[in-house]
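As structure tokens, the structure follows; a few thoughts come after it.
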Amino acid sequence: MNIICLEKVDSTNTYAKTNIEKLADKTIIHTLRQTNGHGRLQRTWIDIGGENLFLSIVLKPSNEYKEVYSNLTQYLSVVLVKLLKEYDINAQIKWPNDVLIDGKKVAGILSESVIQGNNFKGMVIGIGININTDKKDLEKVTDKDATSLSVELNKTVDLKTFLAQLTEGFFSKYDEFLEKGFDYIKKDYINSACFLDKEVCVQMFNEKKSGIAKSVTGKGELVISDSEKEFVLSIGDIL
Ligand code: BTN
């Protein structure tokens with residue numbers, strides 16, 4: 001694992017995608033200030049001040065795209081929830097990969113694949129975690145229900161230590177995860193899921209679907225049902 005630390009960059013994901021040919025497999029791009037971060041469903045990810053984590057993991061596991069790669073964001077959400085337990089924080093996962101504390105978002109994850117022609121060049125898994133942001137700055141975020149580790153713990157968290165723990169946690173079971181797929185983390189994922197048996201609204205590009213969240217399949221898809229039938233969703237975000 002290599003770590004590239006940048007003082008400031010528009011987006012660690014954009015940097016990783018632009019330079020993917022030159023970057024080795026398992027390179028971490030980390031920055032202290034991100035000026036144009038982006039999120040899922042064309043959202044922005046704002047650097048709200050304070051000391052937060054903005055990083056992207058460059059992965060080049062094969063020359064062809066495999067279905068299991070789409071579950072890497074869920075794998076990372078499980079890794080983060082486990083790490084937060086070590087900090088005595090009980091976090092939850094909102095499908096597919098938002099990490100919340102008492103319903104407030106603490107981390108967002110975005111994966112992007114790089115494909116040139118027919119060639120799969122790799123994946124970039126970006127994560128933003130609110131580490132040391134105070135309440136006042138959190139209120140400036142458009143996504144109102146946000147929190148940070150320092151707010152939850154009432155103390156400052158060492159950013160470097162957290163970065164090392166997160167990336168080590170990610171790579172410790174990464175090979176096994178790629179071999180076994182979502183089933184390998186399904187139990188842990190379900191144990192942290194905050195959406196099951198609840199009425200949810202899922203945003204999928206320009207369409208929304210509402211229903212009761214019934215279950216998560218062995219491929220990480222969300223099963224929802226309305227009064228008429230069941231739907232299996234593989235893309236989207238619970239709002
Ligand atoms: C979301 O919740 O919509 C996902 C947010 C992902 C934000 C991270 S911050 C580091 C990396 N660089 C980006 O531009 N986005 C991701």
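Ligands are counted one by one from 1 in listed order, and the atoms in each one are counted from 1 as well.
When only non-hydrogen protein atoms are considered, atom 3 (O) of ligand 1 lies nearest to R40 N, 2.7 Å. Summary of contacts: the protein heavy atom closest to atom 6 (C) of ligand 1 is G108 O, 3.6 Å. The protein non-hydrogen atom at the shortest distance from atom 5 (C) of ligand 1 is W45 CE3, 3.4 Å. Atom 15 (N) of ligand 1 has its closest protein heavy atom at H38 O, 2.7 Å.
Proximity of R43 to ligand 1, defined as any heavy-atom pair under 4.0 Å, is confined to the side chain (atoms from C-beta onward). Contacts of T14 with ligand 1, taken as heavy-atom pairs under 4.0 Å, are absent altogether. Counting heavy atoms closer than 4.0 Å to ligand 1, residue I127 contributes backbone atoms (N, CA, C, O) but none from C-beta onward. Only the backbone of I109 comes within 4.0 Å of ligand 1, judged by heavy-atom distances.
Residue K105 has at least one nitrogen or oxygen atom sitting less than 3.5 Å from a nitrogen or oxygen atom of ligand 1, judged on distance alone. For ligand 1, the polar-atom distance check finds an N/O of T12 within less than 3.5 Å of one of the ligand's N/O atoms. Remark: ligand 1 and Q34 share an N or O pair separated by less than 3.5 Å (distance only, no angle test).
Each of the following atoms of ligand 1 lies closer than 4.0 Å to a heavy atom of G37: 14 (O). In the vicinity of S11, heavy-atom distances shorter than 4.0 Å reach the ligand 1 atoms 12 (N), 13 (C), 14 (O). Listed by atom number, the atoms of ligand 1 under 4.0 Å from G39 heavy atoms are 1 (C), 3 (O), 4 (C), 5 (C).
Under a 4.0 Å N-O distance rule, the pair R40/D237 qualifies as a salt bridge. One finds no salt bridge joining K214 and E230 here, because no Lys/Arg side-chain nitrogen approaches an Asp/Glu carboxylate oxygen to under 4.0 Å. We find that K219 and D183 are not joined by a salt bridge, their nearest charged nitrogen and carboxylate oxygen being 4.0 Å or further apart. Using a cutoff of 4.0 Å between basic side-chain nitrogens and carboxylate oxygens, R33 and E7 are not scored as salt-bridged. The pair K180-E176 counts as a salt bridge, with a side-chain nitrogen and a carboxylate oxygen less than 4.0 angstrom apart.
Between the side chains of T147 and E152, at least one donor N or O lies within less than 3.5 Å of an accepting N or O. Judged by distance alone, the side chains of S148 and T133 never bring a donor and an acceptor atom under 3.5 Å apart. In the model, N71 has a side-chain atom that pairs as donor or acceptor with a side-chain atom of Q74 under 3.5 Å. With 3.5 Å as the limit, one finds no donor-acceptor pair spanning the side chains of Y189 and S77.
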